[in-house]
Amino acid sequence: MNAEPSLNSINSIFVVFCLSLLLIFMAWVSFLPELQIFIIPASFLIIYFIFLKQEHYLPFILLMYLVVVGEINPTLRVVVHILGFISLLVFLFLNKDEIKSAFYSIDIRIKKYFIYFFSIIFITTIFSQIPSKGFEIIIKELYFFFIVFSVYVYIKTKNKIYPVIFILMLSGIIMSLSSIINLAEFNLIDLLFKGSSAYRSGGLINNVNALSGYIVVVFPFFVFFYLLNKSGILRSFLILGMVILILGVFATISRSAGLSIMLGLLFVTYNINKKVTLLILLATLGVTILLLLLPTSEFILTALRLEQGFSNRDLFWQLSVDMFKDNWFLGVGPGLWGHYMFNYSPVLQDSFIGYLFYDVNVMTGGFNNSHNYYLVFMSDMGIAGLFLALYLPYAFFSIAKENLKLSKLFNYESYLLNLVLTTVGISMFIRAFFEGIGIITFGWVAIDLPFWIVVSLLAYYNFQLKNRIKENCVTA
C-alpha cells in the first residue's frame, strides 16, 4: 500500500514539524496579541512557501481550517472560509476524473450514515416550530462534509496520508500552545488554588471543551510515531509534543479529555503489550493515592475541579431527558434546544443555577448544551436522532474492526496506525458521554474536522486493505 509509513517519511515530517512549530511559537511570543491576526496567517504562508510542495497545498488549506477559523478574528474567519471553499473547488475540478472513483471507494456504511443524517435532519426540520434553524444547520453541514470529502479525495488520489496526519498533529500543538500561553494572563496563585472555571483557557477557541476535543484526537498519533520510530532524537520531540498536549489538557482543566486520553492509551498498550498496560494502571493508582495523601491534596482536587463532580452536567442531562420524553418522536427540532430549555429547567429561574443556565444560553446563542452527544441528537431529533447518534459509532467501529483484522495480514506499521485510528474513536465516543461537541456540532467546522479526518483515514485504509486482499488473494 502506497500510504504505509516509512521511517524516511517520518523523519522528514518531523523536521518540518519542529521547524514550523518553532516558527509559530517565536512569532506568537515576540509580538503583541493585537497583531495575531497578521502573525498567524503570515506564519502559515511562510511555512507553506518554504517547507511545503505544491502538492501539499490542500493540507495547507486544511491547517487554516483547523486553526484560523476559531475566534481569532471574525473577518479573518470569513476570509479563510472563502479562500478555502474556492481552493477546494479548484482542487476537485483539477481532479474531476478521480471524484467518481473516490466516491465509490467509500464504504457503504458511511454512505448510509450520510443518507440517514440528512434525511432525519430534513424531516425533523420540516415539522419543527422554526424550520429556518434546521435549514441553516443543513446548509452548514453540507459545506462541512464538502470539506471532508475534499480531504478524502486528496488522500485517495495522492495516496498520501502523512501530510494530513502531520497537519492534524501540528494544529493540535498550536491549539494547545495557544491555551497554555493564555494562562499567563492569570495570577498563578489563583490558578492553582481556586480552580475556578474562570481560569480555564481555550486559547484560539473560546470554548475550552472544544479545544480538549482537539487534544483527544491528536494525542494517539504522537503515541503511534513514538512506538514506530526508534530514533532517540525524534522520540524526544514526540515526548515534548505529548507534554505540550497534556499541558493543554491542564490548561482547559478538562476531566473528560484526561479520562478519554487515559483510556485510549490503555487500549493501545493492551493490544501491544499487556504488561505495559498493567504498569500504567499501577503507576496511575500509585500517583493518585500519593496525591490524595499529600497535605496539598485539597488544593490539587480544587485546581483540577475534581470536587465539582459533574459541574451541573447532571442538571443539563435531566433537562434534555425531560425534553426528549415530551418530544420523543421528532424532537424539538434541529437547533431549537435553547428555544425550549427553560420549559424544562430543573431549577428555579431566579436561583444561582437558573441564572447560570440563562448566561450559558445567551453566550452560546441557544446552542444545545446537553453536554452529551447522544442527548443532543435525542432532544433535537427524537428517537430518530438517537438512532443516528448510535449508528455513527456502529459504522466507525465495524470498519475499524475490519481494518485491524486485515492490517494484521500485512505489516506491523499498518496495524499500528489502524489501532491508533480505532483508539481515537474509542476516546471520542467515551468523551461523548460528557461533551456534546467534537463529533457532529451542527456546522462548527474547526471543532468537528479533526474527528472526521480520522474517519476519512479509516475509510481510505478500509478500501486499500480490501483491494490489497483481492490483488494478493490473501485469505483473511
Side-chain angles (χ1 to χ4, degrees), residues 70 113 117 120-121 124 133-134 136-137 140-141 144 197 200 202 205-217 252-260 308-325 327 331-342 344-346 356-357 359-393 396 424-452 455:
Y113 175 76
F117 179 79
I120 290 172
I121 287 187
T124 53
K133 294 288 288 185
E136 179 184 342
I137 288 173
K140 288 181 177 179
E141 289 300 328
F144 173 75
S197 59
R200 304 171 69 192
I205 303 177
N206 288 336
N207 191 314
V208 293
N209 294 320
L211 174 58
S212 68
Y214 262 81
I215 300 172
V216 171
V217 172
T252 63
I253 320 180
S254 174
R255 295 160 297 174
S256 62
L259 175 64
S260 301
Q308 295 182 19
F310 289 116
S311 300
N312 298 318
R313 277 178 171 79
D314 53 332
L315 298 177
F316 284 109
W317 295 341
Q318 181 183 339
L319 188 159
S320 295
V321 168
D322 291 340
M323 191 181 293
F324 170 72
K325 288 179 180 177
N327 304 273
V332 297
L336 296 182
W337 185 90
H339 183 75
Y340 286 93
M341 68 170 290
F342 294 108
Y344 297 92
S345 177
L356 176 63
F357 277 22
D359 290 340
V360 169
N361 191 47
V362 171
M363 286 189 297
T364 60
F367 181 78
N368 193 318
N369 282 289
S370 295
H371 284 285
N372 182 298
Y373 155 77
Y374 308 97
L375 287 177
V376 167
F377 279 74
M378 288 171 60
S379 56
D380 271 19
M381 293 175 279
I383 195 67
L386 175 59
F387 163 78
L388 199 57
L390 294 175
Y391 186 85
L392 181 57
F396 185 99
V424 172
I426 291 173
S427 298
M428 287 299 289
F429 286 115
I430 288 174
R431 177 179 176 272
F433 284 100
F434 306 98
E435 301 295 345
I437 57 179
I439 297 177
I440 292 286
T441 319
F442 293 154
W444 201 346
V445 172
I447 302 309
D448 292 343
L449 199 50
F451 172 76
W452 282 94
V455 174

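Predicted, not measured: the structure shown is a model, and the values here were computed from it.
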### Message
Can you tell me how far apart CD1 (Ile439) and CD1 (Ile447) are? Round to the nearest 0.5 Å.
### Response
12.5 Å
### Task
Could you please spell out the steps behind the side chain to side chain contact (heavy atoms under 4.5 Å, CB included) verdict for Val321 and Tyr344?
CA-CA 9 Å; Val321 168; Tyr344 297 92; over 6 Å; no
### Query
Excluding sequence neighbours, so at least two apart, what forms ring-ring contact (aromatic ring centres under 6.0 Å, His included) with Tyr214?
none
Side-chain donor-acceptor distances from residues 380-388 under 3.5 Å, at least two apart:
residue: Asp380; atom: OD1; partner: Asn368; partner atom: ND2; Å: 3.0
residue: Asp380; atom: OD2; partner: Gly335; partner atom: N; Å: 3.1

### Task
For Asn372, check side chain to side chain contact (heavy atoms under 4.5 Å, CB included) against everything at least two apart and list the hits.
Trp317, Tyr374, Leu375, Phe433
#### Entry: Nearest atoms (heavy-atom pairs only) where Pro393 meets Tyr373
CD-OH, 4.3 Å
### Task
Report yes if the side chains of Phe144 and Leu449 come closer than 4.5 Å at any heavy-atom pair, otherwise no.
yes
### Message
Under the rule for side-chain hydrogen bond (donor to acceptor under 3.5 Å, both in side chains), what residues qualify as partners of Ser320, not counting sequence neighbours?
### Response
Trp337, Ser370
Please list every donor-acceptor pair under 3.5 Å in which a side-chain atom of residues 425-432 meets a protein atom from a residue at least two apart or in another chain.
residue: Ser427; atom: OG; partner: Ser260; partner atom: O; Å: 3.1
residue: Ser427; atom: OG; partner: Thr423; partner atom: O; Å: 3.0
residue: Arg431; atom: NH1; partner: Ile437; partner atom: O; Å: 2.8
residue: Arg431; atom: NH2; partner: Asn209; partner atom: O; Å: 2.5
residue: Arg431; atom: NH2; partner: Ser212; partner atom: OG; Å: 3.4

### Message
My understanding is that only residues two or more places apart in sequence, or in another chain, count here; which of them pass side chain to side chain contact (heavy atoms under 4.5 Å, CB included) with Lys140?
### Response
Glu136
### Task
For Tyr113, enumerate each residue passing the ring-ring contact (aromatic ring centres under 6.0 Å, His included) test, keeping only those at least two apart in sequence or located in another chain.
Phe117
### Query
Can you check whether Thr441's main-chain N or O pairs, donor with acceptor, with Asp448's side chain at less than 3.5 Å?
yes
#### Entry: ring-ring contact (aromatic ring centres under 6.0 Å, His included) partners for Phe442, two or more places apart
Phe377
